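What follows is one structure encoded as structure tokens, with my remarks underneath.
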There are 2 protein chains.
Amino acid sequence: MDENDVIAMVKLNGGRVTMPRRAILKSLLNAKEHMTAEELAKLVREKYPDIHISTVYRNLEELEKLGVVIHTHFLHGPATYHLESEIHVHLVCEVCGNVAEVPLDSLNPFIREIKKNFSFSVNPKHFALQGVCSICAKNSEN
Amino acid sequence: MDENDVIAMVKLNGGRVTMPRRAILKSLLNAKEHMTAEELAKLVREKYPDIHISTVYRNLEELEKLGVVIHTHFLHGPATYHLESEIHVHLVCEVCGNVAEVPLDSLNPFIREIKKNFSFSVNPKHFALQGVCSICAKNSEN
DNA sequence: GTGCTTGCAAACGTTTTGCAGACTC
DNA sequence: GAGTCTGCAAAACGTTTGCAAGCAC
């Protein structure tokens with residue numbers, strides 16, 4: 001999925017191709033890491049200082065509807081956005097805040113187990129799984 | 001854990017026993033369900049209309065420090081509070097919003113699996129596990 | 001009387017919205 | 001020219017904070 005694919009989807013959806021939209025999309029596709037709306041806005045503004053945070057939010061919302069990006073909440077604070085194509089589950093440490101990414105597939109046994117026992121299909125896209133990472137677990141042993 | 005136990009803990013911690021504190025605690029202990037701060041404030045105000053939402057937040061914060069209550073975030077919207085003694089994991093359906101509670105222990109196999117594979121101790125206290133419940137899964141089969 | 005607690009108002013950080021003008025098609 | 005998109009300002013939302021007065025101990 002590259003820029004032109006997404007632009008095509010936007011058009012198909014009745015959307016216009018504007019400079020802010022292109023700039024936001026470009027930044028999003030280039031910077032692979034998850035980013036908050038504010039961080040993305042900052043990045044976009046390096047080239048186009050007038051692009052407003054509300055425009056960033058509106059474009060992210062549209063891209064989310066189109067299935068291009070997805071947002072995830074870590075512990076507290078702002079949502080982070082990343083490409084849907086790189087979907088994965090986030091393990092966020094509630095002690096140090098570190099975020100690990102694991103492929104959704106690797107959780108399949110867990111997911112199956114919960115489905116079997118509770119008829120519930122876990123799909124932790126929008127919220128990270130919180131817990132304690134190994135480093136912090138070791139540090140707190142004392 | 002009843003009202004007097006908690007009051008004793010508060011005192012031990014250097015806290016005072018005030019009317020708002022008692023009222024908030026009573027409402028919290030009586031209404032077993034998880035509640036948002038706003039809902040709790042509303043309940044408390046039925047008897048004591050002047051108790052302010054900020055007092056509710058401050059008391060919830062203190063009770064959380066004492067290990068009496070715990071807060072959990074569902075999909076979006078305000079945090080919900082419930083008694084720590086009834087700790088459980090929340091499975092929240094992202095379609096209908098329904099919240100199921102399952103004992104933490106029942107997730108042990110899942111938790112062990114993640115620990116083994118990622119050296120990460122999942123502890124989904126503060127954020128619900130999101131997914132799709134069986135009813136909504138059935139409805140979307142069409 | 002010390003110092004914790006309260007109500008109030010105001011601020012906070014993140015996100016959404018109403019609007020008038022500007023733009024794409 | 002119809003209808004989408006933008007920047008701006010303001011509002012919304014849930015939550016936190018500073019403060020002066022009030023109360024528990």
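Bear in mind that the values here come from a model prediction, so they are computed numbers and not experimental data.
Side-chain contact between B/His82 and B/His90 is present, with at least one heavy-atom pair separated by less than 4.5 Å. Here the side chains of A/Val17 and A/Val10 are not in contact, with every heavy-atom distance at 4.5 Å or above. In this structure, A/Glu101 and A/Leu91 have side chains that are not in contact, with every pair of non-hydrogen atoms separated by 4.5 Å or more. A/Thr55 places none of its side-chain heavy atoms less than 4.5 Å from the side chain of A/Val44.
In this structure, CG of B/Leu25 is placed 14 Å from P of C/dT5, rounded to the nearest angstrom.
The footprint of chain B on DNA chain D, defined by a heavy-atom cutoff below 4.0 Å, extends from D/dG14 to D/dC25.
Phosphate proximity of C/dC4 to B/Asn13: absent, as no side-chain N or O sits under 4.0 Å from OP1 or OP2.
If you chain together ILVMFWY residues whose side-chain heavy atoms come under 4.5 Å of each other, B/Val92 ends up grouped with A/Phe74, A/Leu75, A/Val92, A/Val99, A/Phe127, B/Phe74, B/Leu75, B/Val99, B/Phe127.
B/Asp2 places a side-chain N or O within 3.5 Å of a backbone atom of B/Asn4 that can act as its donor or acceptor partner.
Between A/His76 and B/His73, the distance from one ring center to the other falls under 6.0 angstrom.
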Nucleotide by nucleotide, nucleotides 15-25 of chain C touches protein heavy atoms under 4.0 Å in the pattern (B base, S sugar-phosphate only, - none) BBBB-----BS

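Within a 6.0 Å radius of NZ in A/Lys115, other residues, nucleotides and ligands contribute 12 heavy atoms or fewer.
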